[in-house]
Number of protein chains: 2
Amino acid sequence: MNAEEILKLHVAKSITIPGEQFSYFFSHFEQLTFKKGQAIISDGDKVEHEYFVLDGCLKSFYLNDEVRMFILQFAMPGWWASDYNALYNGGRATINVDCVTNAEVLRLSSTDREKLCKEIHEIEYFFRWRTNKGYAAAQKKMLSFMNNDARSRYEELMQQYPALYNLVPKHLIAAYLGVSRETLSRLYHT
Amino acid sequence: MNAEEILKLHVAKSITIPGEQFSYFFSHFEQLTFKKGQAIISDGDKVEHEYFVLDGCLKSFYLNDEVRMFILQFAMPGWWASDYNALYNGGRATINVDCVTNAEVLRLSSTDREKLCKEIHEIEYFFRWRTNKGYAAAQKKMLSFMNNDARSRYEELMQQYPALYNLVPKHLIAAYLGVSRETLSRLYHT
DNA sequence: TGTTGAATGTGATGTAGGTCACCCTATTAC
DNA sequence: GTAATAGGGTGACCTACATCACATTCAACA
């Protein structure tokens, strides 16, 4: 399946638009290839794009004192990633995004997104819908964090995304769960 | 200042629409008065509305085993509250919303919101903008939670919303910070 | 082929914050 | 008025998790 088809399927989850309109929408995306470990957005960058993952896995994360890493999200195929705070407020990045594996992504500029939202009402609906999803997910993660201990958060994650176990190094999973790698290691060696 | 003017100011932060169009928008809201302690959305309810706070303070919270309370948000004047997950997915509420103080709110149904978004492109933009704000805030809260200990989260909150100190009982502030009321008490009696 | 460094496991020990128990003081209800 | 209930403080103790230190495995690569 090519990039256009993948994005079309994704968009079709919330809206239906005619083919030529979708082609126009798609024409604003730029397809990019990244290697494992490559940075996409770094702390301090001007943030002008968001990224739709076609293949591979990204992570968005925050670095505390440039030392400890907290992962906000693993972005799998069909997910979007950026520093949305910086993207919408025009500020500099405080969130980093890079590649956990080799990755294929589609890049859309903030300027183009706003242009498209203005031109095509359905597209504005699509982006509202997408952000809603993100908001609900962020809230759910917050609750899971306040409610549960490290073990149940780990089990929850593995149940929801079993693929992560083999795809992602354990210390990154620890950084997502908000525990030290030592604690995570002890968790599943019971 | 009356309800219409308050909402107009709020909306004007992101869009400009002609007066008669705003009046049409406003006509879909219903103004309601609640007493301190009154429930607005309870676990298990069908969720069909969202609420814009004119005066007073609401809280949205989750009850773990019907025992421990985790507060997601205090909704002050100019803020919106609902169980957005249930509201957008048509499910039953898992989040509760009630009144920390006596409150004046404007209520908008999900049906009307979607109707208005379809009819008036600017309104759709407004709701996209609002959800974006919410998403960025949720992400920021998540990071603060992963990064900081209870004391700095408490100081951060008091610095950002000093009004809460006198407005809201301490055990609710504890439930927002995700610590026990005992721990919070010890925090500021150093 | 040996070296380096990333990823991981594991013991010892420290600590933030939870839990339980009990206290006192305001409100609110009757 | 008195009773009942919400809000809040504080000591004793416990637990989940962090931190530090060190060992092991394995892949990259000079």
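Throughout, a chain's letter reflects where its sequence line sits, starting with A, and its residues are numbered from 1. This one's a predicted model, so the numbers in the text were calculated from it and none came from an experiment.
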A:Asn147 has an atom CG; how far is it from atom C1' of C:dG18, in whole Å?
15 Å
With no angle test and no hydrogens, is the base of D:dG8 tied to the side chain of B:Arg186 by a donor-acceptor pair under 3.5 Å?
no
Under 4.0 Å between any heavy atoms, over every strand shown, what does B:Gly178 touch: base, sugar-phosphate, or nothing? Just pick one.
sugar-phosphate
What do you reckon, are the aromatic ring centroids of A:Phe74 and A:Tyr176 less than 6.0 Å apart?
yes
Within the 6.0 Å centroid threshold, strictly below: B:Tyr165 and B:Tyr161
no
Among the nucleotides C:dT8, C:dT19, C:dG17, which one has an atom lying closest to any side-chain atom of B:Ala150?
C:dG17
If you look at every strand shown and take non-hydrogen atoms under 4.0 Å, does B:Arg151 touch a base, only sugar-phosphate, or nothing?
nothing
Length of the line joining A:Arg153:CZ and D:dA16:P, which is rounded to integer Å:
13 Å
Is the NZ or CZ atom of B:Lys8 positioned over B:Phe25's six-membered ring, under 6.0 angstrom from the centre and within 45° of the axis?
no
Would you kindly give the CE-to-P distance between B:Met69 and D:dA6, to the nearest whole Å?
12 Å
Rounded to whole Å, please give me the gap between CZ in A:Phe145 and P in D:dC17.
10 Å
Given the structure, check if the side chain of A:Glu182 and the base of D:dC17 hold any donor-acceptor pair shorter than 3.5 Å.
no
Is any side-chain nitrogen or oxygen of B:His171 closer than 4.0 Å to OP1 or OP2 of D:dG8?
yes
Looking at B:His121 versus A:Tyr125, is the centre-to-centre ring distance below 6.0 Å?
no
Kindly say if A:Arg68 contacts the phosphate of D:dA18, meaning a side-chain N or O under 4.0 Å from OP1 or OP2.
yes
Can you find a side chain N or O atom of B:Thr183 that sits less than 4.0 Å from OP1 or OP2 on C:dG18?
yes
Whole-Å distance, A:Leu187 CG to C:dG9 P, equals 11 Å
Write down the distance between CG (A:Leu184) and P (C:dT10), rounded to a whole number of angstrom.
13 Å
Please identify which of these residues, A:Ile40, A:Val100, A:Ile41, A:Thr101, meets the side-chain contact (heavy atoms from CB on, under 4.5 Å) condition with A:Leu58.
A:Ile40
From C:dG18, C:dA7, D:dG7, pick the nucleotide closest to the side chain of A:Pro169?
C:dA7
A:Arg181 CZ to D:dA21 C1', in whole Å, measures 11 Å
Distance, rounded to the nearest Å, where B:Tyr188 contributes OH and D:dG7 contributes P
13 Å
